[in-house]
**Q** 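Dumping the structure here so I can ask a few things about it.
Order of listing sets the numbers, starting from 1, for every ligand and every atom in it.
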Amino acid sequence: MNTLPHVLDGVVIASEIKAEVAREVVDLTSRGIRPGLVVILVGEVPASQIYVRSKVKTCGELGIYSELITPPESITTEEMLAMVADLNAREDIDGILIQLPLPKHVDTKRLLEAVAPEKDVDGFHPVNAGRLQAGQPGLAPCTPAGIIEILRRTGLPIAGQNAVVVGRSDIVGKPAALLLLNESATVTVCHSKTRDLPSFTRNADILVAAIGRPGYVTADMVKPGAVLIDVGINRLTDPADVQKFFPGDAERAATFAKRGSVIVGDIDPAAFAISGAYTPVPGGVGALTIAMLMHNTVKAAKLRRGIV
Ligand code: GUN
């Protein structure tokens, strides 16, 4: 029997979610409600500019109203707090997204806590973190929510599975662990201080890697047949690294020759070959983040109006 690992195509799943969101927007609009998202992008960070443009463009495609606010790098925390207060009070705005990272002189924590929890489409506010922890309806962070969508929509079981999350960030690792726990997985969270990491990862039926280190999870750390969810996006610029992670890969070599870099996740691609299923990088988890942001914007529009 041919048992090639199954590629979990984030682009296809993201299209499904966006089509569903577009249908919901049509329904809401027919009832006089047009979901609206504001994105705040401070200064001129090229990577953030690309990302934000894509968010605004997707809003347009799905019929969601959007505004992009681009204050200069010199904006103060107080000025940003005033901006957020205005947006919190606006009836036509359902979601407020402050693109991170912010300039060093801006107090990120204070700002994220100033966003009304009902409009916190990033799911970064402590109130939403608390709701997630308590299993109450709220807004969950987009990337971890995307992981659950990939598993669910592919029909992969979560309940009763051993899920191991490597990484404990507030944005990915912790919420991913809680979402998996809420789906009745048996969850272990590993991190930089974990002793004997492979002894945990080898026990994983579902392994989520969110560490931020290229190819950190190697094939010998993975149970054959496991579902591998790779959240990492790491840029390789050393040809030796490209050779190490993608030996004999002509397509990657061509990309490297053209752009001077290629992207690798937190899982060594050699591990994918022994997995049951895996999310590629790029085109896996990352492809879902914007779709989930759109989903959260519509969810926020409905939650705020008591529509279930
Ligand atoms: N910067 C990189 N990813 C994200 C994200 O998902 N949300 C926000 N607000 N900033 C980001």
**Q** Test Leu207 against every option in Val165, Ile229, Val217 by the side-chain contact (heavy atoms from CB on, under 4.5 Å) rule and name the one that passes.
**A** Val217
**Q** Sequence neighbours excluded, which residues qualify as ring-ring contact (aromatic ring centres under 6.0 Å, His included) partners of Tyr278?
**A** Phe272
**Q** Could you give all pairs that pass the side chain to side chain donor-acceptor pair (under 3.5 Å) test and reach residues 282-296, with sequence neighbours left out?
**A** Thr143-Thr289
**Q** When you measure from the centre of the six-membered ring of Tyr65, is the NZ or CZ of Arg34 under 6.0 Å away and within 45° of the axis?
**A** no
**Q** Output all residues satisfying ring-ring contact (aromatic ring centres under 6.0 Å, His included) with Tyr216, sequence neighbours left out; order by chain, then residue number.
**A** none
**Q** Side-chain contact test, heavy atoms from C-beta onward, threshold under 4.5 Å: evaluate it for Ile206 versus Asn162 and give yes or no.
**A** no
**Q** N or O contacts of ligand 1 with protein under 3.5 Å, please list pair by pair.
**A**
from	atom 1	to	atom 2	distance (Å)
ligand 1	1 (N)	Gln99	NE2	3.1
ligand 1	1 (N)	Leu100	O	2.9
ligand 1	7 (N)	Asp122	OD1	3.0
ligand 1	7 (N)	Asp122	OD2	3.4
ligand 1	9 (N)	Ile98	O	2.8
ligand 1	9 (N)	Asp122	OD2	2.6
ligand 1	10 (N)	Leu100	N	3.0

